[in-house]
Amino acid sequence: MKNILKRVIAFAIILVMVLSMSACGQKSTPPKTSGDTGSSSGSSDSGQSKDYSEHYVFTIASVQVNEAVDYNGDEFSKWWQEQFNFEWNVIAMNFDNWHEKVRIWISSGDMPDITIFDYKHGEMMNYIQQGLVYRFPDNWKERWPNVARAQELSELGDVVAEHVGGTYFLARPNFANNKPTKKMITNMIVYLRKDWAQAVGFELKDHYTIEELLTYARLIKEKDPGNVGNRLVPIGVNASNAFTLFVRTCSTYTGPDTYFYKGKDGDYHWGLADENTLKGLKYYKKAYDEGLLHPEFYSYSGSQDIEDFYVAGVSGAMWYQGMARYMEMLDANMRENLGVSFEEAVWPCFITDDEGVFRNYPMTNFWGTILFSPNMGTKKWERYMDMLDYSASDEGQLFIRLGFKGTDWDYDENGNIVSYLPAGTDARNKYPSIYPIYHQLIVLSDDFSLINPNYRKEFRDKVIDLYKQREKLSTDESAPSMDWNIYLYDSEAKNALSFDFGNDFATLVVSGEDIETAWRKWLDSYSYMIDPVLEEFRTNLK
C-alpha cells in the first residue's frame with residue numbers, strides 16, 4: 001500500500017512539473033535584461049554583479065497619472081517588479097498644482113524618491129546650491145550608458161551638468177533614433193474640420209497664415225456647415241493655446257524660459273516687447289472681437305477646448321498634438337461621438353507668419369526632468385538607474401511601446417515588426433500601468449511613435465511630412481537654436497522672473513481697451529523686473 005502511495009505521489013509531482021513546463025512554453029517571451037537571473041540579482045553589461053534581494057518601494061510623483069489605475073496591478077508592471085524587485089507608490093499631480101507641489105516638497109526637504117520636474121533653470125540652480133536634490137557620482141555614465149546617451153540627446157542634461165560641475169537631474173529626450181528634423185520643432189499643430197472647410201469652399205493646404213485661418217473661421221461662422229447653431233465655436237482654444245496660436249506663430253522669442261535674445265544690433269531684448277508680438281496680439285484681439293473664439297475661452301478648464309472638437313463636435317479648429325497616436329485617438333473619438341472618420345472630417349495643418357515663415361521659439365530635445373531625493377539612499381537610487389538604463393535600451397523601448405514579444409508583437413520573415421494588437425491601439429491601451437510611468441521613464445514616446453506599426457502608416461507619414469515642411473519654411477532667425485549663454489545665466493533678478501503669458505494676454509484681449517495701449521501698459525508694469533536683467537546681460541555677457 002505504501003509503495004502504491006509513493007508511486008501516486010511521484011506521478012503527481014511529475015505531472016505538475018510537466019504541466020508547469022508546458023504552461024511556461026505557451027507564455028509570451030518578455031525581454032531580458034543583461035545577465036537576467038530573476039528578481040533577486042542581475043549583472044550589468046560590464047559584468048558587475050547586482051544584488052536585488054532587498055525589496056524597494058519607489059515613491060514617484062508625476063503629472064498625467066490616472067488615479068484609478070493600479071500601477072502595480074497588470075502583467076506588464078509585474079514583469080518590471082519581478083525583474084527589479086520593487087513596487088510603486090504613485091503620487092498624482094495635475095498641471096494646475098504641479099509647480100507648487102514640487103516647490104513645497106523640495107524646499108521642505110520632503111520630496112518623494114522620484115519627482116518629475118517641469119524644468120525652470122533658476123529654480124534648479126537654487127535647489128542645487130542648497131543641496132536639496134541628489135547629486136550623481138561623477139562616474140555614473142560608465143555604469144548606465146543608455147541613460148548617459150539620453151542625456152546627450154536631451155542637450156539640456158549634459159550642458160547644465162558641465163555648467164555646474166556635476167549631474168543633479170535627468171532630462172527626458174523627446175527623440176532618440178528617429179528625429180524627423182535637424183531643428184527641434186514643436187509637435188503642436190492645428191486641426192480643422194475638413195468636411196466643414198469643403199462645405200464652405202475653403203482650400204485645404206498644409207499650412208496657413210493666421211489671416212487665412214481667420215478667413216476659414218469667418219466662413220464657418222457665417223454658414224454653419226455643421227448645423228450646430230449658437231453652440232458653434234469657430235476656433236476652440238483656451239487661454240494658453242490662444243497665446244501660442246496667435247502670438248508665438250508671429251513672434252519667436254515668446255517661449256517658456258526663452259524670451260530673451262541678443263539681436264542683430266548686438267543688444268539684448270525681451271521678446272514680449274517686440275513689434276511682432278503686438279502683431280500676433282492684434283490677430284488674437286480681432287478673433288475675439290469677431291466672435292471667432294468661445295466667448296469665455298479664458299475659462300476653459302482641462303481639455304474642454306479640444307473636446308469641443310472631437311466630443312461635442314461644435315468647434316471648427318483646435319490646437320493639439322500632431323503625432324500619429326493622437327490622430328488615431330481623434331479618429332476613434334470622432335467615429336464614436338460624431339459618426340465621422342478622421343479621413344472624412346479632420347485636416348491637420350500648421351500656421352506660419354504673414355510672410356509664410358514658420359516660427360518656433362528656441363527648444364531643446366526634452367520634456368520634463370527627473371529629480372531624485374537626497375534622502376533616497378545610494379543603493380535604492382542605483383536600482384532605479386538600472387531600470388532606467390534598461391528602459392532606454394532598444395530592447396526596453398520595444399517592450400514599453402509594443403508589449404510582450406510573441407503575444408503583442410513579433411518579427412515577420414523579413415525582420416519587420418508586426419503588431420498583434422487591434423488596429424489603432426498600442427501597448428498602453430492594453431496595459432494601463434504603462435502610462436505615464438513606464439511610458440515616460442526617460443526616453444519619451446515621440447521618437448518611437450514615428451515608426452510604431454500600431455499607428456497607421458499614412459498618419460506616421462503625415463506627421464513626418466509636416467515636421468519637414470515646418471523646418472523647410474523656417475530660418476535660423478525664425479526657429480533659432482538655444483542661446484546657452486542667456487539660458488544658463490544665473491542671477492537673483494533673472495531667477496525672480498515668473499510669467500503666465502496665457503492668462504496675461506487673455507486679460508488684455510478681453511479688457512475692452514485698445515489692444516496696443518493695453519499691451520504697452522502691460523510692458524511698463526514689468527519694466528522694473530525686465531530692465532535690470534537686460535542690463536546684467538549687457539554687463540556680464542559678451
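Computation of the quantities below employed the complete heavy-atom set of this structure, encompassing side-chain atoms and omitting hydrogens, waters and symmetry-equivalent molecules.
- Remark: the backbone N or O of W105 is paired with a side-chain donor or acceptor of S108 at under 3.5 angstrom.
- The pair K120-D257 does not count as a salt bridge, with every side-chain nitrogen at least 4.0 angstrom from each carboxylate oxygen.
- Between E471 and K182 there is no salt bridge, since none of the side-chain N atoms of the basic residue sits less than 4.0 Å from a carboxylate O of the acidic one.
- N429 places no side-chain N or O within donor-acceptor distance of the main-chain N or O of T425, the cut-off being under 3.5 Å.
- We find that K379 and D51 are not joined by a salt bridge, their nearest charged nitrogen and carboxylate oxygen being 4.0 Å or further apart.
- Under a 4.0 Å N-O distance rule, the pair D206/K462 qualifies as a salt bridge.
- Shown here is E87, whose CD atom has more than 12 heavy atoms of other residues, nucleotides or ligands within 6.0 Å.
- In this structure, R470 contributes its side chain and I185 its backbone to no donor-acceptor pair below 3.5 Å.
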- Message: Working note: V133 + F372, criterion side chain to side chain contact (heavy atoms under 4.5 Å, CB included); need CA distance, chi angles, decisive distance, verdict.
- Response: CA-CA 6 Å; V133 292; F372 296 97; over 6 Å; no

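- Annotation: E343, atom CD; neighbour count of heavy atoms from other residues, nucleotides and ligands within 6.0 Å does not exceed 12.
- Electrostatic pairing of R335 and D331 counts as a salt bridge here, judged by a charged N lying under 4.0 Å from a carboxylate O.
- When all heavy atoms of L444 and R172 are compared, the closest pair comes out as CD1-O, 3.7 Å.
- Looking only at side-chain heavy atoms (C-beta outward), F86 and Y52 stay at 4.5 Å or farther from each other.
- Ion pairing of K194 with E344 is absent here, as no side-chain N (NZ or NE/NH1/NH2) approaches a carboxylate O to less than 4.0 Å.
- Put simply, the side chain of W409 gets close to the backbone of G403: a donor and an acceptor are under 3.5 Å apart.
- Two rings, from Y56 and F84, have their centers 6.0 Å or more apart.
- The cationic atom of R401 (NZ for Lys, CZ for Arg) does not lie both less than 6.0 Å from the six-membered ring centre of F448 and within 45° of the ring axis.
- At distances below 3.5 Å, not a single donor-acceptor pair connects side-chain atoms of T407 with backbone N or O atoms of F404.
- If you look at Y284 and F505, their ring centroids are not closer than 6.0 Å.
- Between K380 and E54 there is no salt bridge, since no side-chain nitrogen of the basic residue lies less than 4.0 Å from a carboxylate oxygen of the acidic one.
- When atom types are taken as modelled, the side chain of S77 and the backbone of Y71 share a donor-acceptor pair closer than 3.5 angstrom.
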- Item | Worked verdict on M323 versus L450 for side chain to side chain contact (heavy atoms under 4.5 Å, CB included) | CA-CA 8 Å; M323 305 300 285; L450 297 178; 4.1 Å; yes

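- A 4.5 Å side-chain heavy-atom check between H99 and D118 finds at least one atom pair inside the cut-off.
- Listed by chain and number, the residues in a side chain to side chain contact (heavy atoms under 4.5 Å, CB included) with Y420 are D410, V418 (sequence neighbours excluded).
- Across all non-hydrogen atoms, the minimal contact from D389 to N146 is OD1-N, 2.8 Å.
- Residues passing the ring-ring contact (aromatic ring centres under 6.0 Å, His included) test with Y438, sequence neighbours excluded: F76, W80, W88.
- Judged by distance alone, with hydrogens and angles left aside, the side-chain atoms of T181 form a donor-acceptor pair with the main-chain N or O of K183 at under 3.5 Å.
- Ion pair E382/R143 flagged as a salt bridge, since at least one NZ, NE, NH1 or NH2 atom sits closer than 4.0 Å to an Asp/Glu carboxylate oxygen.
- The pair D426-R325 meets the salt-bridge criterion, since a charged nitrogen lies less than 4.0 angstrom from a carboxylate oxygen.
- The distance between the ring centers of Y384 and W381 does not fall below 6.0 angstrom.
- Partner of T59 under the side-chain contact (heavy atoms from CB on, under 4.5 Å) criterion, chosen from T115, I114, D113: D113.
- Taking the six-membered ring wherever Trp is involved, the centroid distance between the rings of Y320 and Y326 falls below 6.0 Å.
- Although no hydrogens or angles enter the test, the distance criterion places a donor-acceptor pair under 3.5 Å between the side chain of N365 and the main chain of L153.
- Formation of a donor-acceptor pair under 3.5 Å by the D308 side chain with backbone atoms of V314 is not found in this model.
- Listed for the W319 side chain is no donor-acceptor partner under 3.5 Å among the backbone atoms of D305.
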- Using the side chain to side chain contact (heavy atoms under 4.5 Å, CB included) rule, take H207 and C349 through it: C-alpha gap first, then chi angles, then the decisive distance, then the call. CA-CA 5 Å; H207 54 87; C349 55; 5.8 Å; no

